[in-house]
Every structure is written in C-alpha cells, then in structure tokens.
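Working notes for the structure below.
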Amino acid sequence: MTNTTPETVDYDPKIVEAKWRERWDLRRTDKQDIAHAAKPYFNLMMFPYPSAEGLHVGNVFAFVGADIHGRVRRLQGWDVFEPFGFDAFGIHSENFALKMNTHPGRLIPRNIERFREQLRDVGLMIDWDHELSTTDPTYYRWTQWIFLQLFNAGIAVKKRAPVNWCPECKTVLANEQVIDGFCERHSDTKVHQRLLEQWFFKITDYAERLLNNIQHLDWSDSTRLMQRNWIGKSVGAELDFKTPDGKSVKVYTTRPDTVFGATYVVMAPEHPMAEGLATAECMADVLAYRRAASAKDLVARKVGDREKTGVFTGSYARNPATGESVPIWLADYVLMEYGTGAIMAVPAHDERDFEFAEAFRLPIVRVVSDPDREDALPFPGKNGVLVNSGQFDGMTYEESFPAVTNWLQERALAEQQTRYRIHDWCISRQRYWGPPIPIIYCDACGPVGVPEQDLPVLLPDIEDFRPDDSGVSPLARHEQWYRVPCPKCGADARRETDVSDTFLDSAWYFLRYPSTEFDDRPFDKDVTKRWLPVAQYIGGNEHAVLHLLYSRFVMMVLNDLGWIDFEEPYLKFRAHGTIVRDGAKMSKSRGNVVNPDEYITRWGADTFRMYLMFLGPYQEGGDFRDKGISGIRRFLDRVWIIVHNTETDAIVETTDAIVRKRHQTVRKVTDDVEGLRYNTAISAMMEFLNTIRAESKDKPIAKEIAESLIVLLAPFAPHLAEECWEKLGHDASVFDAQWPEYDDALTVDVEIELVVQVNGKVRQRLQVAPGLSENDARERATADDTVKRFMGGKAIRKTIYVQDRLVNLVV
RNA sequence: GCGACCGUGGCGGAAUUGGUAGACGCGCAGGAUUUAGGAUCCUGUACGGUAACGUGUGAGGGUUCGACUCCCUCCGGUCGCACCA
C-alpha cells in the first residue's frame with residue numbers, strides 16, 4: 001500500500017476479530033445487568049431452529065440487522081439486552097433425525113453448539129448468560145405451565161375436529177403447512193381430512209381484541225394487514241328461510257341488503273339438514289352427490305377446478321323478504337366450516353351464485369342498480385341503489401344494510417352477526433419431539449391438569465419415536481410412561497400422549513429470556529416489569545401472521561390472568577427481507593446456497609456483515625453477488641489506514657469541507673439507522689471517507705474526525721471499530737462511547753448549485769451562495785449566456801423558485 | 001380471482017413533502033506505480049453524437065411551470081389470501 005507509513009500494520013481481520021472476541025468475553029462487554037439496568041432496551045430477534053446445516057446466510061442477514069440496531073441503541077445510551085435462543089422442538093428436527101437414523105435429542109445439542117460458534121464469529125452483541133432452548137426441561141416445564149394456566153381458565157379445551165392429515169408425515173398439519181392441498185414438506189402428498197380428539201386454544205374468543213389492538217401497534221402496514229385478513233372479521237346477518245313444514249334454514253350473509261334478489265338457497269353437501277330436506281324423488285341424487293363430495297376431501301374441493309356442481313333437494317323455503325318460495329340446493333361451493341353452512345344465493349350480485357344460476361338455469365333478479373353504469377350482471381359491488389326491493393328502493397348500501405336487517409329482525413327472521421375467519425388454535429401434535437401436554441385422563445375425574453409441583457412432564461428418552469398412522473403419538477406405545485395414578489383420586493389413569501405445537505414454545509420465549517436464572521418461576525415479576533414488552537422485534541415475514549398472532553394471544557391471556565401487566569408483547573416489529581442469489585431464492589436443489597463461514601474466513605466478519613447490509617434495503621433484502629464484497633473490504637482497509645495515520649497527540653487543522661461533511665454524515669446515518677436503511681447509511685459513511693481522503697491528501701487527520709467516523713461505523717463493523725478506537729487512545733470499549741451529535745447549522749454548504757430551467761428543462765447550473773432571493777436568482781439566471789440563448793429573447797411569463805434548488809423561467 | 005408491494009445504467013441499488021435521475025458500490029476503460037501479475041492510487045463511465053445538443057426511470061395516456069414520484073389503462077414480477085357468502 002503506497003500511502004501506508006512504514007510502522008503501520010495492514011488490516012488483518014483474523015487477528016483483530018480474534019482479539020476482540022476474547023476481549024469482549026473478558027470484559028463482559030455484551031452482558032447486561034438485568035436487575036439494575038436504568039434504561040432497559042429489549043432488542044429481540046426471532047430465534048432460529050438450529051438446523052443441521054448450520055447458520056444460513058439468511059439467518060446472518062437477519063441477526064446482523066437486529067444487532068446493528070441494538071448496538072446503535074447502546075451507543076445512544078440505552079441498556080440494551082440482546083439475548084439468543086433456539087427453537088429446537090418440532091417436526092423439522094424430528095424428521096431430520098429420522099432421516100439420519102438418529103435421535104433428535106442427540107442431534108440438537110450438536111447443532112446448537114455449531115450455531116453458537118458461528119454466531120460468535122459473526123460478532124453479535126449477544127448476552128449468552130441468558131441463552132435458552134425450547135427443548136430444555138427447564139424451559140418446557142414452563143411451556144407446560146402456560147398450558148395449565150389456559151386449561152384452568154377454560155381456554156384450553158378438547159374437541160373432536162377435522163384436521164389436515166399428511167399420510168407421509170403421519171401427523172396433523174396446521175393450515176399453514178398445507179400448500180395448495182399438499183403437504184409443505186411432501187409436495188407430492190395430498191393432505192387428507194381426519195377426525196381426531198384434540199386440544200384447542202379458544203383464540204376465536206380473543207379475535208375482536210386481537211383485531212382492535214392492531215391499530216395501536218408500531219408494525220409495518222403490510223404485516224398489520226396480513227393479521228387483519230387472517231382474523232377475517234365480517235359483519236353480516238343470519239337470515240331465516242322457513243320451509244312450508246316449519247323447518248328453519250339459517251343462512252349467513254354479509255349482504256342482507258340484497259335479500260330481495262335471493263332466488264334460491266344453497267347448503268353445503270354435508271349440512272345436517274340436507275337429508276331431511278330431500279324429497280323422495282330427489283333422495284337418490286342427493287345421497288349420490290353427498291358421497292361424491294365427501295370423496296373429494298375438503299382440501300381438494302378448495303383447490304380443484306371451480307366448475308359449479310350441485311343437486312336440487314326437491315324442497316323449497318320462503319324468502320323472508322319477498323315471501324316467495326325459493327328452491328333449496330346442495331352444492332360444494334358452499335363450505336360447512338364457514339357461517340351456517342348454508343347461503344342465500346343472490347346471483348345478480350355474487351359471481352359464484354351467478355355461475356351456479358347460469359349452470360342450472362335458476363332465476364336471476366337484479367336488486368342493485370348503479371345509476372352511473374348500466375352494468376352487465378353479475379354486479380357484486382356496493383355502489384348503487386336498491387331496486388325491486390319494495391319500500392327499500394333507492395337506498396344506498398350504507399342505508400339499506402341496517403334498514404333491511406332491522407326490518408327482518410323485528411319479525412324475528414334475522415339476527416345481525418359478526419363472524420371471524422380465524423379458527424381455534426389446535427395445539428395437539430401426534431408426534432414425539434415436543435413438550436408432552438400436561439394432562440392426565442382419569443375415568444372418574446376426566447381430564448386433570450398435572451399438578452404444578454410435578455412439572456415438567458419429561459419427554460421420555462425413547463428410541464422408537466417414529467410416527468405411525470394410528471392417529472396417536474408414538475408416546476402411546478410406552479405404557480410404563482403413560483400409566484400414572486390420577487392426581488385427584490389416585491385411581492389408575494393415563495397421560496395425554498400428544499405433544500404441543502412448536503408455536504406454543506415460541507409464543508412466550510421472550511418472556512423467559514431475562515428470567516432464565518429463576519428455576520422456580522417462568523418469569524420474575526420485577527424483571528418482567530423492567531424489560532417487557534420488547535422494545536423492538538425483528539424477524540422474518542414468514543412468521544408475520546401465526547407466530548406473532550399466537551404470542552399476542554398468549555400474552556393477552558396471561559395479562560387477563562394477572563401474570564403480566566401488558567397485553568401486547570411487541571411494541572415495534574419490523575420484518576427483514578430475504579437474500580436471493582442471482583435473482584432466485586437460495587436452496588440446496590438450486591445449488592446457490594451461500595455458506596457464511598467461507599466468507600467470514602476469507603473476508604472477515606466485519607466485511608461480511610457490512611456487505612450483507614449493503615446489498616439492499618434491510619426490509620426488502622437483496623441479491624447476493626460475490627464480486628461486490630471487495631468494495632466493502634476496500635472501504636474498511638481505507639478506514640484502517642486513515643485511523644492509523646491519525647495524529648492522536650498533535651492538533652491537526654480540519655477543513656470546513658470535512659467538518660460540514662461530518663455533520664451531514666452524522667445526520668444521515670442517524671436517520672437511516674433509525675429507519676433500518678442500513679444500505680444508505682453505509683454509502684453515507686463511504687462518502688464521508690471519500691471527502692476526508694480528498695481533503696486530507698494522505699496527511700494525518702484530526703482525531704475527532706476519525707473518532708466520529710469510528711463510532712458511526714462501530715455497529716456495522718464492531719471488531720475493526722474497537723481496534724481503531726483503541727488505536728485512537730481509548731481504554732474503554734467503543735460501545736461505551738456516545739453516538740455523535742450533529743448541528744444542522746453546520747451542515748449547510750457554503751456554495752450550492754442552482755439549477756436553471758427554461759420551460760421546465762434544465763439548461764444551466766450556477767454556483768451560488770445559499771439563501772438567494774427570488775429576484776437575485778432570476779437576475780443571475782437571465783444574465784447567463786446559455787440561459788439567454790434558450791430564452792430566445794422572449795419575455796418571462798412566470799418564475800418558479802425553489803430556494804437553494806432551482807429557478808424555472810417560463811417564457 | 002382478490003389484496004399488498006414492486007418494475008430505474010452492464011450489475012446491486014440511490015433519489016424527505018412532485019424540484020439537478022443514476023448517490024454509494026461492483027464491473028468496465030484509460031493512466032500511474034510495478035521485472036511481470038496481483039494489490040494500490042488517479043481519471044472516466046446512462047444512451048446517441050466529434051460537438052452544440054437530443055433521448056432516457058416496464059408500455060401508453062393524463063394532471064403540472066416541472067413527474068421515477070400523483071391519477072387512469074395495460075404488460076411483467078414478488079409475496080399473502082383464496083368458492084369466507
């Protein structure tokens with residue numbers, strides 16, 4: 001390096017990073033005083049599943065972004081707590097162990113060990129004293145405790161329910177594990193429906209509160225929208241269509257205003273009233289249709305072709321508004337699981353009903369008309385006014401919805417109703433690798449919760465944990481484990497053999513982090529008060545619905561039961577983006593997976609961290625391209641050189657340009673890191689360095705300039721920053737320094753470029769002092785030869801002046 | 001099908017509230033240094049044109065003194081939901 005002074009050592013990240021890893025451990029730099037922190041800041045990142053493949057570059061991207069945020073907050077004076085843990089229970093670990101012919105209990109510790117080493121190399125500010133793993137009995141003991149709180153409160157209940165069953169995994173799948181009717185893990189295996197007795201959490205009872213709180217959360221709009229959609233609130237009415245013999249067919253609709261256009265009724269094929277409504281001559285068809293529909297399972301019905309099929313029952317019901325007799329049909333486009341399992345069909349204003357009416361030649365009656373558009377049917381919108389609707393004609397949707405509903409309600413033919421799409425949370429898994437559900441079944445006492453002092457219910461160490469298709473967990477094959485006396489009456493009883501859903505493990509882990517030292521309580525009340533709710537949560541979008549919703553729900557319940565004094569766990573949540581390679585998602589099959597270890601070894605952790613953050617906006621992700629990383633390394637090399645050339649004991653004059661750039665950079669980086677715009681924060685630091693280099697021309701620079709650069713850089717490249725900080729004469733860690741301040745007045749340039757437009761086109765750029773008046777600006781502009789030429793001697797009709805930016809002359 | 005977001009050089013990507021399009025970085029070209037290569041440093045780099053200048057943010061239209069930014073139509077992509085009545 002030509003401009004390196006002889007005694008300067010080249011930047012060798014291997015040496016620097018090893019030195020500071022050790023120093024941080026020694027000084028306990030990353031540890032937090034949980035009991036006494038004055039300005040607590042809980043910086044949470046989603047804990048990973050410790051896969052056998054080790055840390056993925058996407059993990060590193062996620063954690064580094066969160067770590068930078070934590071380090072910035074620390075420099076800004078907060079007592080930052082940045083814990084880490086492992087979400088190690090679940091189907092992933094178990095399936096992998098089965099494939100490798102080993103036991104997950106032996107696999108997980110190895111994987112965790114590997115993760116820990118890799119994470120250490122990345123240079124995260126993690127307080128390892130508070131590490132946790134969901135598979136640790138000292139953790140899942142309290143997962144079971146939480147289950148018991150919900151059980152005792154009547155929120156955990158047992159129900160017989162249809163579930164998604166994957167014949168390959170041989171277990172129940174959650175809805176999100178079903179992709180287009182196939183298992184997410186076995187893309188060629190169709191998911192079946194199966195009826196099982198399972199434990200459910202009554203999250204639907206909390207739907208309204210979960211929905212309502214969303215508006216107060218500092219989350220991104222898209223995440224909030226996804227949560228709203230998942231909860232799926234709809235306001236409508238249950239209407240009563242009566243048959244001549246007095247039977248009552250209840251239908252649910254969100255458009256009671258269109259009831260005058262309801263020309264037939266449709267029931268789901270499995271509707272309990274279907275058979276009773278079938279007339280003798282239609283019975284054979286009805287039964288045949290039913291059989292055909294149940295052969296097509298629920299999932300296939302949802303994804304299969306949407307050709308409308310159906311069958312007439314032979315019966316009629318009375319439209320509660322018109323009093324006319326309308327036919328009752330069965331069709332599989334109506335789902336038993338939503339609403340009442342029956343609908344009133346308004347073919348003129350619903351596309352599905354329209355298709356069905358066309359296919360079976362049923363009458364179509366228009367009851368909404370848009371005066372602005374004479375639309376073809378169907379016309380599903382809410383614009384327009386009612387027609388063919390008796391005394392309601394001429395009303396808008398907003399008027400007619402309540403008017404029609406009330407009118408029917410007065411005659412006991414309707415009831416306004418609010419419904420939610422969200423289902424109760426099924427937490428039973430017929431699997432081995434999870435926390436046993438702490439329930440004991442007694443013939444006399446029924447389901448009894450395991451007494452708190454008997455927790456944890458340890459997961460037995462068994463070798464034959466392979467699931468079978470019996471519909472029960474492998475634990476049900478271990479009599480010596482499940483046979484226990486009833487805790488209430490002492491009679492022979494048996495344990496619940498299902499384990500709980502991984503989402504329950506992860507629903508409360510952040511509550512445990514600050515309290516890991518307590519073995520007699522899940523979380524300490526004082527500690528929790530000090531640290532929770534979490535200040536900022538960073539994680540992947542794939543968990544933006546379920547994980548966040550489930551943990552919000554569990555916190556809400558714990559709050560209601562008096563265990564905690566907040567009900568929303570994450571005040572602020574931001575989702576990071578995904579790293580792709582050459583425009584495609586990284587995957588083993590594509591062969592474009594990036595191994596972070598190689599890059600850290602070759603370039604150093606600091607370079608790798610910064611490169612990942614430089615790829616693109618943190619919340620959008622970016623495209624990983626090998627070549628670009630050298631630019632970051634060059635930047636860090638130059639920082640190293642400039643700091644090592646800095647005079648620490650001499651007074652060095654600094655140019656105004658450097659000072660100005662310093663203030664501009666501090667402002668820009670401060671704003672950018674706040675909005676997680678790490679890519680532009682890095683380019684601002686690069687610009688700062690470029691200015692310093694151009695101005696100083698290899699001469700030593702002033703100490704305070706080097707210092708502010710290093711502090712800004714520290715969250716991104718912590719090892720190098722520490723080394724440079726020490727070189728600048730500091731004994732303490734750079735992370736005990738102060739985030740630099742800026743002065744707006746000192747960011748103002750002495751000379752600005754004034755753009756001169758003629759008729760909106762840029763024609764000239766003039767160097768002027770800032771703060772020019774409009775008249776002065778116009779004078780300067782019109783005096784310019786080029787500007788004169790483009791004005792062509794015409795008079796100015798209008799001048800637009802944007803202070804210190806541009807003047808536009810309209811001629 | 002519905003909803004959300006997005007489309008900018010050879011590439012990754014910049015551009016507070018409409019006000020200099022292409023910051024920063026990669027790559028590339030030329031030069032310096034070097035026995036050579038690499039590294040490093042300097043200069044240039046949207047496109048066309050010797051130049052004046054013209055043209056440019058997926059396509060087309062609109063609003064405006066002025067549009068990557070706002071509005072309409074279309075095309076393409078990513079994600080979420082998906083017969084939810």
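Throughout, a chain's letter reflects where its sequence line sits, starting with A, and its residues are numbered from 1.
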Walking RNA chain B from its 5' end, the first of G622(A) and V810(A) to be reached, judged by nearest nucleotide, is G622(A)
When rounded to whole Å, the CZ to C1' distance for the pair R638(A) and C42(B) reads 11 Å
Which range-with-range stems can be found for RNA chain B when each stem has 3 or more Watson-Crick or G-U pairs in a row and both distances sit under 3.5 Å? B:1-7 with B:75-81, B:10-12 with B:24-26, B:27-32 with B:40-45, B:46-48 with B:53-55, B:58-62 with B:70-74
Out of C41(B), C83(B), G3(B), which has the shortest distance to the side chain of L225(A)? G3(B)
Would you kindly give the CZ-to-P distance between F635(A) and C41(B), to the nearest whole Å? 13 Å
Touch class at under 4.0 angstrom, heavy-atom based, for L615(A) against every strand present: sugar-phosphate
Rounded to whole Å, NZ of K761(A) lies from P of G54(B) at a distance of 6 Å
Please determine, by modelled atom types, if T786(A) and Q764(A) share a side-chain donor-acceptor pair under 3.5 angstrom. yes
Which part of the nucleic acid does R765(A) contact within heavy-atom distance under 4.0 Å: base, sugar-phosphate only, or nothing? base
From CZ of R634(A) over to P of U40(B), roughly how many Å is that when rounded to an integer? 5 Å
Does a salt bridge link D221(A) with R224(A), judged by any charged N lying under 4.0 Å from a carboxylate O? yes
Let me know the distance between CD1 of I579(A) and C1' of G12(B), rounded to the nearest Å. 11 Å
T253(A) side chain: which of U20(B), C24(B), A85(B) is closest? A85(B)
Spacing of the C1' atoms in G27(B) and G77(B) (rounded, Å): 25 Å
Is any NZ, NE, NH1 or NH2 atom of the basic residue among D257(A) and R255(A) found under 4.0 Å from an Asp or Glu carboxylate oxygen of the other? yes
Could you state the OH-C1' distance from Y611(A) to G13(B), rounded to the nearest angstrom? 11 Å
Sugar-phosphate only, base, or nothing, as touched by R667(A) at under 4.0 Å among non-hydrogen atoms: nothing
Is it true that E208(A) and K233(A) make a salt bridge, defined as a side-chain N closer than 4.0 Å to a carboxylate O? yes
Please pick, from C65(B), A85(B), C26(B), the nucleotide with the shortest atom-to-atom distance to any side-chain atom of K798(A). C65(B)
Side-chain donor-acceptor pair present, R662(A), Q664(A), cut-off under 3.5 Å: no
So which nucleotide from G66(B), C53(B), A85(B) ends up closest to the side chain of N808(A)? G66(B)
Near-strand residues of residues 676-687 of chain A, defined as heavy-atom separation under 4.0 angstrom from RNA chain B: N679(A), T680(A), S683(A), M686(A), E687(A)
Side chain of S222(A) (C-beta onward), nearest among A85(B), A4(B), G25(B): A4(B)
Among the candidates C83(B), C65(B), C41(B), find the nucleotide nearest to the side-chain atoms of Y333(A). C83(B)
Identify whether any heavy atom of D353(A) sits under 4.0 Å from a base atom; if not, whether one sits that close to sugar-phosphate; answer base, sugar-phosphate or nothing. nothing
Between D240(A) and A414(A) (side chain of the first, backbone of the second, donor and acceptor by atom type, cut-off under 3.5 Å), is there such a pair? no
Suppose the criterion is side chain to side chain donor-acceptor pair (under 3.5 Å): which pairs have a residue in residues 788-803 of chain A, not counting sequence neighbours? R778(A)-T799(A)
Y678(A) side chain to G616(A) main-chain N or O, any donor-acceptor pair under 3.5 Å? no
Evaluate the ring planes of W329(A) and F360(A), with Trp represented by its six-membered ring, and classify them as parallel (under 30°), tilted (30 to 60°) or perpendicular (over 60°). tilted
Considering only heavy side-chain atoms of R693(A), the closest of A85(B), C53(B), C41(B) is C41(B)
Of the listed C83(B), A4(B), C24(B), the closest approach to the D332(A) side chain comes from C83(B)
Selection from G25(B), A52(B), A85(B) that lies nearest to any side-chain heavy atom of R789(A): A52(B)
Assign F790(A) to base, sugar-phosphate, or nothing according to its heavy-atom contacts below 4.0 angstrom with the strands shown. sugar-phosphate
So F356(A) and Y333(A), would you call those rings parallel, tilted or perpendicular, with 30° and 60° as cut-offs? tilted
Taking atom types as modelled, find out whether T223(A) and S220(A) have a side-chain donor-acceptor pair closer than 3.5 angstrom. yes
Closest nucleotide among C41(B), A14(B), C65(B) to the I800(A) side chain: C65(B)
Hey, which of these two, N229(A) or R421(A), hits RNA chain B nearer its 5' end, going by closest nucleotide? N229(A)
Sugar-phosphate only, base, or nothing, as touched by R224(A) at under 4.0 Å among non-hydrogen atoms: nothing
